[in-house]
Amino acid sequence: MFEGLRFNHWKTSLDDSGIVTLSLDRAESNVNAISRAVLDELGQIVERLAIEKPAGVLIHSAKPFGFAVGADVKEFVEYAKHGTVLENIENGQRVYEALARLPCPTIAAIHGACMGGGTELILACRQRIAVDDDNTRIGLPEVMLGIHPGWGGTARLPRLIGATDALPVMLTGKALSAKRALALGVVDRLAAANELLAEARSLLRRPQVRPLALRAKAWATNLWPVRQLLAPMVLKQTAAKVRKEHYPAPFAMIELWRRGGSSIQQRLKLEARSVAKLAETSTAQNLIRVFFLQERLKGQGSGAEHGIEHVHVVGAGVMGGDIAAWIALKGFQVTLQDREMKYIQPALDRAQQLYEKKLKAPVKVEAAVARLRADVDGNGVSSADLAIEAIFENAEAKHALYAIIEPQFQATEILASNTSSIPLDELRHGLTSPQRFLGLHFFNPVAQMPLVEVVRHDQLDPAIEKRALAFCKALGKLPVAVKGTPGFLVNRILMPYLLEAIRLYSEGVPGPVLDKEAKKFGMPMGPIELADTVGLDVCASVGKELAPFLGLELPAGLEDKLQNGKRGKKDGQGLYIWQEGKPLKPEVDPDYVTPPDLQDRMILPMVNEAVACLNEGVVDDAELLDAGVIFGTGFAPFRGGPIQYLRAEGVSVIKSKLETLAQRYGERFSPKSGWDHPALTQSGFDLPARPPTSSDSH
């Protein structure tokens with residue numbers, strides 16, 4: 001059938017029953033990212049199939065770990081640079097539409113990850129079957145890159161499963177499990193891994209009729225009057241979560257669906273033009289950059305063996321207990337030590353809740369619970385490969401603990417501190433093996449915050465740092481190596497923002513106004529709500545540690561709150577009153593006039609401190625700094641991080657604003673050293689200079 005045609009990325013075979021199997025196997029890559037070359041070859045194959053008319057076509061992946069991770073994002077960046085996004089989107093649409101129009105049954109057999117352009121490929125087939133296990137993930141995450149599906153996803157998914165189910169899938173970008181995909185009708189059947197292809201061939205011979213209720217919903221929710229009625233409702237729900245000026249893609253996608261008629265050609269045309277327009281926005285450019293920064297952080301632990309099986313955690317408070325729980329969740333043996341069982345039990349109870357939420361299956365929950373053991377006497381220290389100290393922020397107390405536990409260590413055991421602000425050069429004093437000591441600073445809540453700061457000091461063995469990075473990778477976290485100066489990277493940049501916001505609050509600016517301005521900039525949570533959530537006691541503790549180093553003062557009124565037992569969310573009262581885990585924000589006087597420089601007073605101290613961190617080498621480069629601040633603080637991802645924001649606004653503009661603020665409000669705003677750093681004037685949109693990884697796709 002394919003005599004004379006040679007393919008680099010597809011393998012073809014024809015069985016005795018006339019079924020053609022197409023195996024996607026991208027050359028020189030351990031995953032299938034759908035490149036222009038992959039599409040062009042598929043186009044040639046489909047053209048031949050349209051002539052030959054086989055009994056059926058089965059598409060699957062020859063890669064062991066997944067179907068397809070999506071379009072090749074590096075290629076997309078090049079298209080955006082050269083203004084050829086529209087042309088290349090239309091090319092992919094033509095190939096997939098030709099596949100959809102084949103005059104024979106077609107089926108996609110899915111295992112592992114099936115994302116973005118991979119999901120659009122399976123949507124162009126008549127039927128879909130997936131492996132019934134936890135590794136199967138099907139999704140359209142393009143919105144996370146500031147665009148939306150462009151190879152027919154927005155045109156086909158609403159028509160397949162109904163708009164009310166399809167729109168949330170595309171608007172959130174969250175992947176579906178195999179069972180959820182089956183329930184929604186994205187796939188028609190599930191199969192065991194070893195029966196996937198046989199079941200797929202069986203479905204090809206006897207196609208499964210889609211349930212009438214699903215077909216009726218798919219038809220009814222896409223009628224023109226229904227689209228006009230539903231679209232404003234979906235827009236309102238979306239606007240409650242994100243701002244259109246920050247993240248235009250979800251809003252463009254809703255409008256696309258509202259306008260799209262019954263003709264697939266019209267829907268594809270609108271889709272392609274919309275993606276091409278979104279690709280030109282700074283949001284898409286920055287989010288794609290953030291994607292590559294995330295991949296770089298994921299790759300920090302590659303190529304090294306962590307050699308860790310058993311972890312001993314000392315300190316079962318909120319941080320220590322939750323760190324221990326997460327490590328056990330990820331398959332490690334964990335012993336958790338504190339003075340009495342009454343301090344450990346709450347951590348075990350929280351762990352149980354975490355496992356039930358994440359793992360669901362009782363047998364998996366029981367296994368995770370069994371991996372986390374209470375250890376009041378600290379016997380686990382002597383058999384652990386890694387000991388993590390997570391006691392309160394006091395250097396003397398930490399030194400006293402190290403003096404007790406380090407003599408019990410195995411020869412290769414690593415000691416890590418979860419300190420959030422104390423310099424590592426100070427904490428390493430008195431250790432017998434300082435070369436095996438470092439910081440592993442997790443963020444609260446541990447189960448949600450992806451970043452871990454791997455904190456260096458002047459005597460750290462580089463091999464230990466590599467093991468720590470590999471360990472973080474095994475935990476599913478994003479590690480960034482930082483210098484052990486006060487506050488490291490994230491807290492050093494975050495504290496000037498929080499302290500200035502609390503100062504503004506004490507000056508009489510209403511909390512809701514401060515929170516609103518910060519969210520208007522793009523922060524995920526306002527600073528007053530954040531301070532209460534973190535805990536005013538934690539803010540004060542870290543603030544006291546960092547204030548002298550940063551040239552700041554603790555705002556008036558903070559100590560009074562703490563003396564009255566008003567630490568924030570955990571006490572039910574802080575800067576706000578809290579009920580059922582939510583702040584009751586007071587009404588703001590409608591005549592209140594927001595100061596015009598309010599946003600600058602909060603945000604620019606972060607940028608100023610970011611410049612100082614870059615200049616002092618707290619991280620290795622500007623890209624790692626932006627990545628650390630985005631994943632550690634939630635700093636507006638669409639702005640690309642504080643350094644990228646500075647580049648976009650202009651170095652001279654931001655520096656001038658800081659000088660004006662310093663004249664008006666005090667020396668704390670004065671530009672710090674480093675404003676002549678060469679990285680500040682780079683474009684920041686070039687891809688990181690590194691070899692391609694297995695995940696350079698969406």
Side-chain angles (χ1 to χ4, degrees), residues 11 21-26 29-34 58-70 106-123 125-141 157 160-161 165 168-169 172-204 208 210-211 214 298 326-332 354-371 447 473-477 694-695 697-698:
K11 295 171 183 172
T21 299
L22 305 180
S23 305
L24 177 54
D25 192 8
R26 180 169 170 172
S29 174
N30 59 353
V31 294
N32 289 324
I34 299 177
L58 190 167
I59 299 178
H60 79 113
S61 164
K63 304 294 187 190
F65 301 115
F67 184 84
V69 290
T106 54
I107 190 166
I110 306 142
H111 71 277
C114 178
M115 296 290 158
T119 297
E120 290 175 294
L121 173 57
I122 70 170
L123 290 174
C125 296
R126 306 274 172 83
Q127 294 188 100
R128 288 148 295 280
I129 183 170
V131 172
D132 185 10
D133 69 25
D134 293 341
N135 293 322
T136 299
R137 310 295 291 172
I138 300 171
L140 291 165
L157 189 61
L160 179 71
I161 64 172
D165 286 327
V169 170
T172 64
K174 291 179 180 176
L176 303 170
S177 65
K179 286 184 170 58
R180 183 65 180 150
L182 178 67
L184 290 179
V186 175
V187 299
D188 302 285
R189 190 181 295 179
L190 300 181
N194 60 351
E195 297 172 357
L196 179 66
L197 296 186
E199 286 281 321
R201 291 187 179 95
S202 174
L203 257 181
L204 270 179
Q208 188 168 303
R210 292 176 73 76
L214 183 58
K298 285 180 182 176
W326 185 264
I327 295 171
L329 174 73
K330 291 298 177 177
F332 294 86
L354 174 69
Y355 301 154
E356 288 172 356
K357 181 181 177 183
K358 292 280 186 183
L359 301 173
K360 295 182 174 63
V363 65
K364 292 181 180 179
V365 173
E366 288 173 19
V369 168
R371 288 193 294 269
K473 182 179 173 72
L475 293 181
K477 296 295 184 184
S694 64
S695 307
S697 48
H698 68 258

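FYI, side chains are in, hydrogens and waters are out, and symmetry mates aren't considered; it's all heavy atoms of this structure.
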Check: Going through the checks in order, is the side chain to side chain contact (heavy atoms under 4.5 Å, CB included) test met by Leu359 and Leu354?
Finding: CA-CA 8 Å; Leu359 301 173; Leu354 174 69; over 6 Å; no
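- A cation-pi contact, defined as under 6.0 Å to the ring centre and within 45° of the axis, is absent between Lys358 and Trp326.
- Residues Ala108 and Ile122 share a closest heavy-atom pair of CB-CG2, 3.5 Å.
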Identify every side-chain donor-acceptor pair in residues 185-199 under 3.5 Å, counting partners at least two apart or on other chains, and give the distances.
residue : atom : partner : partner atom : Å
Asp188  : OD1  : Arg210  : NH1          : 2.8
Asp188  : OD2  : Arg128  : N            : 2.9
Arg189  : NE   : Gln208  : OE1          : 3.3
Arg189  : NH1  : Glu199  : OE1          : 3.2
Arg189  : NH2  : Gln208  : OE1          : 3.2

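- Looking at heavy atoms from C-beta onward, Thr119 lies out of side-chain contact with Phe67 at the 4.5 angstrom threshold.
- You'll find the side chain of Ser177 reaches within 4.5 Å of the side chain of Arg137, heavy atoms only.
- Summarising the geometry of Gly118 relative to Ala68, their closest heavy-atom pair is CA-CB, 3.8 Å, with the distance given to 0.1 Å.
- Interatomic distance, Leu121 CG to Leu24 CG, rounded to the nearest 0.5 Å: 7.5 Å.
- Between Cys125 and Ile59, the shortest heavy-atom distance links the atoms SG-CD1, 4.0 Å.
- Rounding to the nearest 0.5 Å gives a distance of 9.0 Å between CG of Leu184 and CG of Leu214.
- Using a 4.5 Å cut-off on side-chain heavy atoms (C-beta onward), Val31 and Phe65 make no contact.
- Looking at Gln127 and Thr106, their side chains never come closer than 4.5 Å, going by heavy atoms from C-beta outward.
- Between Met115 and Ala175 the shortest heavy-atom distance is CE-CB, 3.4 Å.
- In this structure a side-chain-to-backbone donor-acceptor pair under 3.5 Å is present from Lys473 to Lys298.
- Judged purely by atom type and a 3.5 angstrom limit, Asn32 uses its side chain to pair as donor or acceptor with the backbone of Arg26.
- Taking 4.5 Å as the limit, every side-chain heavy atom of Ile110 sits out of range of all side-chain heavy atoms of Ile129.
- Taken from CG in Leu58 to CD1 in Ile107, the straight-line distance is 6.5 Å, to the nearest 0.5 Å.
- If you check the side chains of His60 and Thr21, you find no donor sitting under 3.5 Å from an acceptor.
- Between Asp25 and Lys63, some side-chain heavy-atom pair lies under the 4.5 Å cut-off.
- In this structure, the separation between OG on Ser61 and CG on Leu22 is 12.5 Å, given to the nearest 0.5 Å.
- Lys360 has no carboxylate O lying under 4.0 Å from a charged side-chain N of Asp134, or vice versa, which leaves the two without a salt bridge.
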